[in-house]
Structure formats: C-alpha cells, structure tokens
Amino acid sequence: MKSRYSIFSLARNALHYHRDWDQAWRSPEPKAQYDVVIVGAGGHGLATAYYLAKEHGITNVAVLEKGWLGGGNTGRNTTVVRSNYLWDESAHLYEHSLKLWEGLSQDLNFNLMFSQRGLLALAHNQHELRELSRRVNAIRLNGIDSELMTVEQVKAFCPILDCSPGKRHPILGASLQRRGGTARHDAVAWGFARAADARGIDIIQNCEVTGFRMASGRVEGVETSRGFIGAGKVGVVVAGHASVLAGMAGLRLPIESHPLQALVTEPVKPVLHTVVMSSAVHVYVSQSDKGELVMGAGIDGYNSYAQRGSEPVVENLLNALIELFPIFSRLKLMRQWGGIVDVCPDASPIIGKTPVAGLYFNCGWGTGGFKATPGSGWVFAHTIAQDRPHRLNEAFTLERFGHGYLVDEHGAAGVAH
Amino acid sequence: MVEAYLRRGPLAHRSLPSRIEADGPRKSAAGLWLAWRPHRAQVNLRGDASDAAFIGAVRQAIGIDLPLKANTTSGGGDVKALWLGPDEWLVVARDGREGDLAAALRQALAGMHAAVTDNSEARTVIAIAGPRARELMAKATPLDPHPRVFGPGACAQTVFAKAAAIIDQIDDAPTFELYVLNSFADYLWAWLERAGEEYAIAVVE
Amino acid sequence: MTTQPYRLARGGRIDRAKRLRFSFNDRAYEGYRGDTLASALLANGVVLVGRGFKYHRPRGIMTAGSEEPNAIVQLGVGDRTEPNIRATQVELYDGLSAASINCWPSVEFDLGAVNGMMSRLFPAGFYYKTFMWPPSFWMKYEYFIRRMAGLGKAPDAPDPDRYDKTFAHCDVLVVGAGPAGLAAALAAGRAGARVILADEQAEPGGSLLASGETINGQPAAEWIAAALAELASMPDARVLARTTAFSYGDHNYVQMVERVADHLPPASSPGPRQRLWRVRAGQVVLAAGAIERPLVFADNDRPGIMLASAAATYVRRYAAAPGRRVLVFANNDGAYRDALALLDAGIGISAIVDPRPDPGAAIVAEIRRRGIEVLAGHVVAGTKGHGRVESAQVMKLDGDKVAGAARSIGCDAIAMSGGWNPTVHLFSQSGGKLRFDAARATFLPGAPVQAIRVAGAANGATSLQDCLREGHAAGAASAADAGAAGKAGDAPQAEPATPDEPAMPIWIVPSVKPVGEGGKHFIDHQNDVTAADLQLAVREGYSSVEHLKRYTTMGMGTDQGKTSNVNALALLAVTLGHEVGAVGTTTFRPPYTPVTVGAFAGHDQGDLLDPVRKTPLHGWHEIMGAPFENVGQWRRAWYYPKPGEDMHAAVGREAKAVRTGVGIVDASTLGKIDIQGPDAVELLNWVYTNAWNKLEIGRCRYGLMLGEDGMVMDDGVTTRLGENHYLMTTTTGNAARVLGWLENWLQCEWPHMRVYCTSVTEQWATVALNGPLARRLLAELTTDIELDPAKFPFLSFREGRVAAIPARIYRISFTGELSYEINVAPSHAVALWQALMAAGEKYAIVPYGTETMHVLRAEKGYIIVGQETDGTVTPHDLGMDWIVSKAKKDFIGKRSLARADTSRPDRKHLMGLLAENPSEVLPEGGQVVAEVKDRPPMAMIGHVTSSYFSPNAGRSIAMALIKNGRNRMGETVHVPAGERVIRATVTEPKFFDPEGKRLDG
Amino acid sequence: MLLIPCPYCGPREEVEFACGGEAHIARPANSDRLSDAQWSDYLFMRKNPKGVHYERWNHARGCRRWFNVARDTVTHRIYAVYKMGEAPPSVTP
C-alpha cells in the first residue's frame, strides 16, 4: 500500500530531502493474460481501470498506452468541468460525472485542484437567449444547478467582461452553473494512475496496440508492440484514434477526427475568477492557478491526426477574446497546441458494446471529454464488468445511428462542431 | 418615371462627394486613393465553356470572347467579361447597359443550356489605387498582389477582410476594382479606411 | 539622477549624444539611444532586477536576448502597461518606466522570500500532495496560491493602441539576420528571388553586432551596412527588423510579429503598434542562431551570474560592464574569446574556471599570457553574495564529484558557458525531427519535411566562416528551388580561424553536499526548477520527458525553457543512466516568443469584428429610431417605437395595425436563388419534400427542405418565372447554406442535371405590404398590374411597375393577411418605401419590424426554422405531413423519415399552448412537464418554442414541441418558470383566423 | 494554414475553402430497400483514416467549384487534387 499524501507526509519527507517518496505508479512488464485490458491510458481509460477495481473488484487489469499516460487529450484540453447539458440522457451522465469530481481529490488522495469557480455561458442575440433559457430550464428540472442571468448580473459576477450594449456582439444575458469550473488536467491522469496502480492494476506505457485477436466473434486479446496480451474483455478508450482501433477490429464508426486547438497566455495576477464561454464569438476561457489564461475555440474544419490546426482559427479566437475582454489585448499568447477530437454526428459519445463479444468502445466525446472523465470511466467500467450498459449510458449506443434516436448536443458543446 | 427618383447606392449616406472635395489638395501626398463607383451593369452568365456554339453566341451578342483562362478578364472597352468559374462569368459595362446586354445574351443563347442573370444591383464597386495600394490589398486578402503574379487583366474572387470580393486589376497604377455585395459595402469601406490609415488616404472620383 | 558608473568610456553601438531618461522601480536613471533596458540597468550598476517565481530569491540579468528567463518586468503604466516583458529586448526610449514583478513590498526587500526559507516544503509537485483536507477547503487554499502566482499584472483598461495584420508572399523567407541570414538573403536576392529577411532584434546583424571579426576584409559592422545597402537596392527584397518569426505551420506558412512602434514613446507614432505578418514562403532559410547554455551549479542564480556571450555582448555592443571583477566559468573555448573582449574593455577577470583537465587552444594560452589565472579541471561548486554574487567557491573536479578544499574567489559577476543550443524551434514546428549530436553535445536539425533549410549556428556551425558559407549555400539553393535563375554570387569570406578544441559536457556541476541538500542547482530559472526537483520527479516515476516537464513545470515559463530545456533533458538522461538524446525532446510549441494578443486581432476588432450587413433601407430604419436585431450578420429593424412606447406597446400597435389596416416591412434579407435549366424542376423535386411538376408559370409554392437525416433544414417559397426558370427564397440565416447545399448536390451527386443556380439575394430589395388595405394602397401606385384577386390570386406573381419603379410582386403571406411582397432594385428601395409611406398615410400605414412579424406569424401558427425547429424536428413533428409527398419515390431526407425512431407516432409534436391566465405569457424556452413535483427532478415532455402576447387574439399564445402532443389535445400541462408554475392547455397551434379567410383581404 | 491547389484557380489559401469530408460516398439508389443499419452506413459511418484521406473541398470564396483532394491527415501533405467525377488516383505516402 502506498504512503498517503498529506501535509504531514510532505513535512516528514522534507526532513530526508524527499529522498523516500515512492513511485506514483509502477512500470511493470505486461503479463500474458488479463481479465480486462483497457486500451488507452488517458483519463477515461485510467478511470475505467480504477472503477473496475474499486466498484467491481476486478483488479487483474492492464491499461495499455502507446506513449506516456495522460499524453493525449487529457494533457491537451482546456480543463473545463460542467454538466449543463440539454437532453436528459446527457444531463444525467455529465451530472453523475460532476458529482464524482466533487469528491475525487480525496477519493484518489491526489489534489486535482478541482475548482468550482462557476461557468458562465453568454448569449449575444435573441435566438441565443431563447436557447439559453430552454437549456437552463431543462437543466434545473433535471435537478442540476443552473441560473439565468441578466446582463447586469453578468457584469456584477464578472466585472472585466465588456457588457456595453453598443458592441458588435452585445452580451444580452448568460447562464451560470456555479458548480462548474476547472481541474488540473495532468493531475487527473496521474491521480487515477496512482490510485489504479495502488489497487494492483498494471499500467503499461510505450505499448502500442496493433491489432485484436478474435475467434468466433469473441475477442481474445490484443497484439501489441510488446507482443500478444491475452484478455477476457477489451475496453477501447482512445480519444483521437477511435476509428483507427475500430478499423483493426473490422468496425466502422460514425466518427471524424478533427484538430481542436488550445492556447495559454503569459501568466498574470488573478483577473478572471470564473470560466466564460461564448458560442456566438467562439471562445471559452478561464485563468489557471498559475495565472495563465487558458482558452480554446471550435474545431478545424478538416480531418486530421496531426495535433495541429490552422492559424486563422486562433486569430478568430483571439478576436473573440478581445471582444469579450478588451483589457486582455496587451497580454501575450505564450503557448499553443492542438489535440485530436473524435466527433460524432450528434456531438454525443458512444459508450457500449460492439458486434464483437467482449469488445467495448468508449469514444466520440468530441470537444467535451475531459469534464466526463470520472463519469465516463465509471459507466464504462460498469458496462465492461456487467457486459451491459448502465442506465446512464444505455442511450449512447452505436446502434442509435441506425434507428435514429440521437442525442443532439451541438448546442451544449458550446463550440462549433 | 424611375429617373425621377434619386437612386441610392449603399455608400450614399457617407456623403463621399464632400470628402472628395476636401481630400483633393491632399491627393498627391496620400499613399492610397479610394473611390466609389456606385452603379455598374453586371450580368452573370453561366454556360459550357467547351461548347464553341455557346462561345460564338456570346461573342455575337456582346462583341467579345469570354475569357477561358481562370482568373482573367477579356474585353475592356464598353463591355468586359470577368472569369468567375469554369462555367461562370460576370459581364460588366457602364450603368444602364444591363438591360440590353442581358436581352442580347438571352436571345443569342436561346435554346442552349445557359443562364443569364442580371445581378447589376447586387454589387457596388470600390476602387483602390495609389502607391500603397498593393500593401492595402495584402492586408485584406490572402491573394498575392505582386506584379509577377497579379496584374492588369487578372481577376479573382476571394476573401476580403471578413467579407468577400471580386477583384479586377484594371491598370498597373495599380488600380484594383472590388465588386462587393451592397450589404457589405459599408463595412468594407470602414475597414479599408481603418487599415489604410497609416498610408494616408484620399477619397477620389 | 545617478550617473552611469558601469558605462564603459568608449565603444558600443549606443549613441552617447542621445541621453534618455527612464525609471526603474520608481528610481530615475539615464541611458543612451541604442541601449536596451537591460544594458542601461547594467550601465547604472543595477543587477538586482527581479525575484524568483517560487522562492523569491534575488535575480539579475542572465542573457542579452529573447531567451531571458530572469529579467522580466512590468513595462509602462495605466492602459498601456504590459506585464512580463524581457528587459533584454526592451529598447530604451525617453521616459520609459518599468518595475520588477513578483515581489512585495520591493525587489530589495521581498516578503515572499520567506518561501525560500521553507523551500524544502515546496518540492516539485508539492501541491498535488496536499491542500486536500478538509475537502471543502481547496478553494480557500487556491485563493492564496493564485495570488502568489501570476507574475505581472494585466492592464485595467482597454488597449488604446492599433494593431495591423497583413499577408505576405515570397520565394525565400530568411529567419535571422546574423552572418548566415545576411549571406542567405544576399545570395537569394542576387539570384532574383523575392526575399523577406526578418530578425527579432532592433537592427540586423545578430552576433556580428558584438563581434570584432572582419568579413571580406571589412570590419563586421561595415560589412553589415554594405549587405543591407545591397538588399535595399533589390526591388524584391524586404528587410524586417524587430520582427520575430514565431510559428511555422503547414505548407510553409510562417507567422511573424513586427514591433513597429514599441521602441518609441507610447502614442508617439500614428501607425499601428505591432503588425502580424502571415507569410506564405516558397522556401525558408532558418538562420536563427544559437542560444548559450547555462551551467548547472549550486546557487547559479545570484544576480551578476550571466551567460558569457551575454557579458561580451553588453561590453562590445552596449559598452556596459556586467561587473568589475568577472569570474568566467566555462567548458569551451568560445568563452575565452568573451573573456578577452572583457579584458580588452578594461574589465578585470578574476579567474577562468574550466572543468576540462587540459584546455590547450591558442586562445587559452593568450589568456594566460595576459596574466589571467586559468583553473583547469576545476568547477564552481557554489556561490555567495547578497543581492549580487560576491564570490565563487572553486573546487577541483574529480569524476562526478568535487575534491579538495574549496577556494573562494572574489568576483562581482560570473560569466558562464556550458556550450550552445542551436535555435531549432521553427524547424521542429515545421515537422522536422531533431537528432542529438554527441560531438557537439547538442540537438541539431535532422531531415526536413517541408521546404526549409537550416544554416549557421542554428545548424551547429561554430565559426563565422562556416556560418557565412552555409548561409550563402542555403540562400542560393532556396532561390534555385523557387525558380530564380540568376547568379547567387560568391560567399562572403571571414578570416580563417583555428578550430576550437572540443567542449566538455558537464550537465550538473557537483558541489560538496549532494544535489538538493546544499545550495540550489537551478535549471529553469524562471519557474524555479532545480536539479533536485528533476531527480525527485524521476524518483516518483515522472520520467518520460513530458511527465517531467509537466510535473516540475520545467520549461513552461514565459521563456519556454530556451535556456533550460536541453540541460533538463540531459540531466534526465544522466539520472536514468541513458545516453543524452535517448530520452527524446519535448515538442517545441509556437509561439517562439510570446506574441501580443492584439496583434492577432489586427483591425478586426470592435465595430469591425464581424461585418454588419445592412439592407438598402437601413438608413431609413435608423432615422425612425428603430432598435436593430442581429440576425446572422444582418441587422434587422426590430420595432419602431413611438415616443414613450416600450417594445410591448410598439409591437401591440404594429400588430393590430397590420390586421386592421396595412403594415409595411423590410424583408430584403430573405435569401433568393435564381434557378435556370431544363432540369430545374427535378432539382426542386429532390431538395423539397413536396412535388413541383405541376407548378404553373407565374405561380408560387411553399417548400420544406430537409437534411439527409430527415430533419427540417430550411423553408421558403419558390416561384416559377418561366419555362425552365425558378426563383427560390430561403430564410435569412440560411441563404448561403442553401445555395451551397444545392451546388453540393448538383456538382457532386447529379452532375448530369442541367441546372444553374445564382444568388440574387441582393439584386432585389423586398418590401412587403400586409393587411386588409394593402390592395387599395398598392392600387394607387400601380397602373399595369391587375390586383383583383381573380386576376392576381394568392400564390402567384406579376411583373410591373410600382410608383413607376420596375417591380416583381409576389402574393405570398407570412401574416395570413392579404399581402404583396414587392421586389425592386435596391437602389430604388428607399424611393419605393417613401412612395408607399406617403400614399399609405391616409390608410394609417404602419412600418413594423421583426418582432411584430414574429407575433403575426405565430398567431397563424407559421413556423420559423431555427425557432420551432432545432435540427431534431421532422415535418411530421410539425404537423406538416401535408407537404411531404407520398408519391415521390425519393427526395433528400425521405429514407431517414422511415427510421425506427423518426417514424415513432409519439415523438414531440408542435402544438399550441394557452396559459390558463390569458394575460400571462409563457417563457420562451420554458420546459413543459405533465406532472409537477414539489422539487426537481421532474420529467419533461417538451418545451415552449415561441410565446407572445397576441394583440389580435387578445391573449397570450405559445407554440411548443410536446411529446405525443397530438394525443394530448386539451390536456393541462405545466410550465415551471423560476419559482412559479404556469398551467396551460394543449391546443392546435393556430390562434387567429384558423380557416385562413383573410388571405384575399 | 493549408495551401490548397484548386484544380481551376490554382493554389489558394485555406480560408477560401470549405471542407466537405470524405469523398466518393455515392447516395444509394433505391434507398427505400435499405435497412436502417445500411442507411446509417451511408449517412454516418466514415473511414476517417490516419494517413491518406480522399476528401471533398469546395472553393467556396472562389470559383464555387467542388473538387476532390487526396491529403495525408498526419502530415497534411496534399498528394493530389482532381475534379468531381474523376477516379481517385492511387497515392503512396
């Protein structure tokens, strides 16, 4: 059992110049056979493994990662956490996730810096006001916190927002989810990894899955860059590569992979104390604890696996930033990067079984995966353990694209899909 | 009668004539000359460029050969044709000619699969000239305005600031004529004045 | 006003005739034109310029360039203040004011320094391990953590400056105007290529600006001048100083930022402050030079400790002495040349400490000859000093330890050099991989994947001659590849130099105590990351490069690790027992140096952020004082308040007038598509749900357009103008989308169809007359059109003149009233409108806006696409099966309507909702519940899509999408609104003239 | 930003274009005889390859023509552009 993290352990270790901290996770050699193999050691994959052990007592589990754990979208997103979704199915899933977030640092004994500083979604025209009130009413009736704000309330809540009426895109109102906020993205991967490892789960980095071994419609394991690894069940949760892995299993997905760009400015003293999103001018922004403004916008229009997008997207994003916050004009863009988001036609994920017995997919989170990390892992673990979806994810099947019961969350995505 | 009414173009409210008067003395010192040419005959023509009969019929109707090379113009006397696409051209002439041009084309193309659409009222023309004209163009559009690439006889449809425009370089002064949709004209004029400010602008005839 | 005690008596490229006053931390100083803030501070003997990020230790100026990690200041005040500016890049101007950041109350006495005393409690990643108890307290901890972090301050007012953006195109873009860059630009330019040469510094020349060498027999400075003169004489060569190429994208798209006016006093120049250059380059020559590597020794962060090349630069280029007794600590010969430069300037060298056991180059001998002690096989094992380094503890190097007694050597500055890192950032961004070169102990560019060549120090070259040769070759080859046929001329010649002896890599300099237990070995000076932090991270398993970087925050400061990344990578490798280079590198992310946000916006801000589209009648609406509504990019008149009227009153008046008299509305924004060709009707049959074969010439028909998923996408009226000629109208917001949709199908799916589509949205201004008196009014202004409903029936079209203006008139109605949509040339729109208003006076004609238009159509139950629909609604859901052809074999969206879910009978249906209290208006977007619980959750069965007070129905009305609605007719449902719950009855979505009797007036 | 060689206008900047996604997806004739699953294959399922992608682009701000592009989704290198109706060239990265 690992030593627990606390201010006391910190002080104790300080006496020995921090020589005695143990490893956050082991780097074991893969075993020949596991009960469950999870492909992808991002937040969702590690959370799945953790909840398999914690909720279902399944610990003979390996999490395989092509590169370094948390190196995909988990380590590249803009860290926003919220559950303000329109349709019941999504609202319940994301709210379950938000509830898990609220105790996660303690549960994992790893400070995820989960900061419920509120999330403000702005409306700039009559149409958006109408949609906003529709959304807020739906969210409240689902028992989730959400408030409609007048422009005066917006001004009071976030004084540095330019709320003057004469603007090209005046702010007419907003919705606020006070329980929304941000978390430290890397810490989420590390925290789940450490906690999963502590429960005996093998996390195997630099181990790329190159194929699935299947017999009579059932999965038997995965071929990897480190040889064959047998598995009773295989859960695939590889944001940015779902189609590639599906192809190896002979499956087709309704997914297209697009670049999603993000950037941070140089750090400044605290000026922005909440998360602000605007879909009309296309930007979402928060200020990290280090002082950087962290922001993102819509996806690039073309398919890409390059973790790189086109420059005009960033120009438009920064135009939008200045429109909302004129005082940010003299700050400086410090670092920019891209992730690969797997986008579904209805902007909702696919979490469930596949035509191949024992093979499960969790994908298509588009731009919204980070906030769902614990909830996604929780329901995926349940789906794998019980071989049937949990009530919370039974709507998010692959079949829905056949019968047409889609969960259209383009509005809730907050940015253009 | 129509002529009894004052026709208003999309920049009429900017009372540019008085600007022209005021800027007159500064023209030689200015790096940029902006002009508004409110009304112009613009007939949109669609047809099969590979069909000699079509090309011939057009020649017979408006007296010029359509440009078949992408992003070039032909004619230029009373009537000029701008290449808009492999099967699309804009036939332009002085204000008032739209009726007879369209009629002539329709008559000549009768029975052929072609489309003649008078769009004269959809766009207005803004001209950019002066020593710094190419620099202003480079700010507004991703096209390369360098003489090696773009020159008299070249035209293009492209992004212009955050709107779109058909660009026709009419001489190597250089003078660039922009055909812009009326609804965008006020925005584009304001944008050009802002972006061109550092070069000193004179509004001209 | 202090004098400049550390200003050298002669030399430098400063203009001593131009004295400039400036203030730092509220103290007044003087410098000269040509100074940077850093050089001016050094000249004034100011070495303590800032505090460390985490431990708040005193920090000084470490470099002379954009790689500076320490000397970060808050520049200027008020709305023009700028945080986190590198003093080494700020050109001094008269009146400049700057202040240290991250310290309080002052840089000399900083309370934050208490962190330093407790530093052992703050190892890498300490915050992940604590602040978790009690659970609810994180936000409170966070509040203080946020205040400690953050470096400088954001302005508190909008930016008064202007920014500019431009595209640029060239055959050859040369990044860096040092010897290699200048040689490359000359070669490419002579060959006839279009050249852009960009350099981040105030003047081109790079390292030559602080060099005593000669080129082609001329002193470096003269050669630079000659080269620039030649480039200036070329018609197609552009030299951009103060311009940083910061990002390298796809297909040789390079972004650069030019600091046009930052070197001038604020608001002293009319033009833009900065200009963003977006360059599409045929070929790129990367000649960005190299960055010197600090040495990682104990307490290597005291003010006065700087890079050896920086020390020489301050002396040669700025005539500012970094100290009076400088100790040099270096593992290579280059630093000896820097020492020589200091000696020549009359600065004392207290010793040269060199870990190499037996450095033997000629330069070493010369140094010794000048009487300078060279301590070979020795290292600096620690430093002492308060606010400025005062001595170095020098010890003998014995393997990876130090041996013998420490000798304390007094000094007021340490010039250090651990070798050089080529500036390969842009190469890496271009997709090229880096390879570790063991001989040079550094990362060099590998094979390029785009049209880029790397030359000079950026390519690992060390001698001036190699830089010139590589630059010339790269320039010539790039020009040739770009198709320039001319002669590139000869490469410039430097005097021959004897090659340096190899440097001795030493990634961590040992001290008496183990790393982390004695002084601090800083690697990332800005983020206060030490060797001990790195080793801890590795111990804890954060041993992949990215984990290491993220866990320790190494290289994530505003300097992006320019001086620290390679040292960290090497130390990681050493700690893991790998070969350096085997652990890979972190990715170099744009921008190379931070770029002002405003520069990306350029002129596209404020009123120019997005185009505002205006109808030909916009001015008239303005004069009438109508508020406008943003609809897509259009501005539409919302309503026309009379004095004292609010929106409710105005809309009430307008809506009544239309149904009792006549109203006039500007509908010019509707999309209009001219469709011609023998297969036009087939196209219509495909894209609309209903059948079009029987539409007669001169008649109009309403159509519903679906996406292939069966969901309603657009609607509008299409008129048959001629045999093969149709005019389609679209909703305002979808005009472009619908034309694109038609072209998409025509070009990609049905190329055989003979149809041409042309947008004529702006060829026609549309003015609609609505109301029982519309005909009488119109009759007064038209002579050549028979208005008798028998002759001009509903859903038909006529051409003629209205008020002598050529017009197309359509009898279509969005109000249910007698209606004429009059289309004229936009240039006649105002004339027509005024004629109708004048003639309409006796009928009390009323102009109305979009709000009244919405109320009137809602009274009739007409939908608005995007309001009653949201991409999940089928024609059946809208109760519009009547418009879905059963006869047609196929049309876009047909198959999707038959899917299991889409064909369910109990989907959400568009219904009417009548609040029990007729004066109560249901909230738009309100959710509908069948049964109310005392608290959420409550099961929702739909939502209110439109809701108004209807002056003509004399009560509130609403439309809603309600689950299984058509089987709930007459049921009472509930709409929770805030704290209240409104009861309402489900009805048909028709509230006025349900039989549609009024269409003919 | 991509530099896209329009087969009609030549190389133009990406901002002039709109991407139409996977190319060569023919609309099934007799859609009425397809199962929901078969129909959804046409409607939603995509190859989304990591590597060469045959995709449609529209020169929306230029000549308004649709055309096909063979582009590598990892390097963004464009191997070929070809007009509507032409067969996809085989490209080897």
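Lettering follows sequence order; numbering is per chain, from 1.
Within 6.0 Å of OH in A:Tyr405 there are 12 or fewer heavy atoms belonging to other residues, nucleotides or ligands. Within 6.0 Å of the NZ atom in C:Lys153, the count of heavy atoms belonging to other residues, nucleotides or ligands does not exceed 12.
Using a 4.5 Å cut-off between heavy atoms, A:Leu172 does not touch chain C at all. Residue C:Gln74: no heavy atom, backbone or side chain, is found under 4.5 Å from chain A. Using a 4.5 Å cut-off between heavy atoms, A:Ile322 contacts chain C through its side chain alone, with no backbone atom that close. Proximity to chain C (any heavy atom under 4.5 Å) is shown, for A:Asn142, by both the backbone and the side chain. For a residue to count as touching a neighbouring chain, one of its non-hydrogen atoms must lie under 4.5 Å from one of that chain's; by this rule C:Thr587 does not touch chain A. For A:Asp289, the parts lying under 4.5 angstrom from a heavy atom of chain C are both the backbone and the side chain. Neither the backbone nor the side chain of C:Pro923 comes within contact range of chain A; no heavy atom of the residue lies under 4.5 Å from a heavy atom of that chain. At a 4.5 Å heavy-atom cutoff, the contact between A:His18 and chain C is made by backbone and side-chain atoms alike. For chain C, the nearby part of A:Pro170 is the side chain; its heavy atoms alone come within less than 4.5 Å. Residue contact with chain C, scored on non-hydrogen atoms closer than 4.5 Å, involves the backbone and the side chain of A:Lys290 alike. For a residue to count as touching a neighbouring chain, one of its non-hydrogen atoms must lie under 4.5 Å from one of that chain's; by this rule C:Asp533 does not touch chain A. The contact between C:Met556 and chain A is made by backbone and side chain atoms together, counting heavy-atom distances below 4.5 Å. For chain C, the nearby part of A:Arg308 is the side chain; its heavy atoms alone come within less than 4.5 Å. With a threshold of 4.5 angstrom between heavy atoms, A:Glu147 does not approach chain C through any atom at all. C:Pro627 does not touch chain A: none of its heavy atoms, backbone or side chain, sits under 4.5 Å away. For A:Arg400, no part lies near chain C; criterion is any non-hydrogen pair under 4.5 Å. Using a 4.5 Å cut-off between heavy atoms, A:Arg117 contacts chain C through both its backbone and its side chain. Contact of C:Asp709 with chain A is not made at all, since no heavy-atom distance falls under 4.5 Å. Contacts between A:Asn109 and chain C at a heavy-atom distance below 4.5 Å involve backbone atoms as well as side-chain atoms. Residue C:Val929 touches chain A through its side chain alone, counting heavy-atom pairs closer than 4.5 Å. Using a 4.5 Å cut-off between heavy atoms, A:His92 makes no contact with chain C at all. Only the backbone of A:Phe114 comes within less than 4.5 Å of a heavy atom in chain C; its side chain stays farther off.
Annotation: the span from A:Arg184 atom CZ to A:Ser288 atom OG amounts to 8.5 Å, rounded to 0.5 Å. With rounding to the nearest 0.5 Å, the separation of CG in A:Leu69 from OG in A:Ser27 is 9.0 Å. Atoms CD and OG1, on A:Gln336 and A:Thr265 in that order, are 12.5 Å from each other to the nearest 0.5 Å. Distance CZ/A:Arg168 to CG/C:Asp604: 12.0 Å, rounded to 0.5 Å.
Note on C:Ser544, C:Gly152, C:Gly598: by heavy-atom pairs under 4.5 Å with chain A, the leading option is C:Gly152. By number of non-hydrogen pairs under 4.5 angstrom with chain A, the leading residue of C:Val595, C:Asn630, C:Ile101 is C:Val595. With respect to chain C, the highest number of heavy-atom pairs below 4.5 Å among A:Glu292, A:Arg330, A:Lys269 belongs to A:Arg330. Of the listed residues (A:Gly291, A:Gly143, A:Ser329), the one with the most heavy-atom contacts under 4.5 Å to chain C is A:Ser329. Each of A:Gly103, A:Ser6, A:Ala138, A:Ala320 has some count of heavy-atom pairs under 4.5 Å with chain C, and the biggest count is that of A:Ala138. Most heavy-atom pairs under 4.5 Å with chain C: of the set A:Trp21, A:Phe8, A:Tyr17, this distinction falls to A:Tyr17. Each of C:Phe246, C:Tyr253, C:Tyr143, C:Phe53 has some count of heavy-atom pairs under 4.5 Å with chain A, and the biggest count is that of C:Tyr253. Between chain A and the residues C:Gln274, C:Arg146, C:Gln927, C:His943, the largest count of heavy-atom pairs under 4.5 Å involves C:Arg146. Your options are A:Gly181, A:Ala24, A:Gly309, A:Ser310, and the one with the most heavy-atom pairs under 4.5 Å with chain C is A:Ala24. Chain A forms more heavy-atom pairs under 4.5 Å with one residue of C:Arg635, C:Arg147, C:Met938, C:Met940 than with any other, namely C:Met940.
For the residue pair A:Ser115 and C:Glu142, a side-chain donor N or O sits within less than 3.5 Å of a side-chain acceptor on the partner. Residues C:Glu546 and A:Trp68 have side chains that never bring a donor and an acceptor to within less than 3.5 angstrom of each other. Defined by atom type and a distance below 3.5 Å, a donor-acceptor pair is present between the side-chain atoms of C:Thr558 and C:Gln526. Counted by atom type alone, A:Asp408 and A:His410 present one or more donor-acceptor pairs between their side chains at under 3.5 Å.
Of the residues listed (C:Tyr127, C:Phe131, C:Trp133, C:Phe126), the one engaging C:Tyr141 in a ring-ring contact (aromatic ring centres under 6.0 Å, His included) is C:Phe131, and it is the only one.
Legend: residues meeting salt bridge (Lys or Arg N to Asp or Glu O under 4.0 Å) with A:Glu102, ordered by chain and number and at least two apart, are A:Arg179. With sequence neighbours excluded, the residues forming a side-chain contact (heavy atoms from CB on, under 4.5 Å) with A:Lys332 are A:Glu266, C:Glu82, C:Ile85, C:Pro594, C:Thr596, listed by chain and number.
Of all heavy-atom pairs spanning C:Thr872 and C:Asp870, the tightest one is OG1-OD1, 2.6 Å.
Between C:Tyr128 and C:Tyr551, the ring planes are parallel. Angles under 30° get that label, and only those over 60° would be called perpendicular.
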Go through it in stages, so that I can follow the logic: the residues are C:Asp610 and A:His169, the test is side-chain contact (heavy atoms from CB on, under 4.5 Å), and I'd like the CA-CA distance, side-chain angles, deciding distance and then a yes or no. CA-CA 9 Å; C:Asp610 272 339; A:His169 295 288; 2.7 Å; yes

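Taking the ring axis of C:Tyr163 as reference, the NZ or CZ atom of C:Arg273 does not stay both within 45° of it and closer than 6.0 Å to the ring centre.
Here A:Lys167 does not pair with C:Asp607 in a salt bridge; the nearest charged N to carboxylate O distance is not below 4.0 Å.
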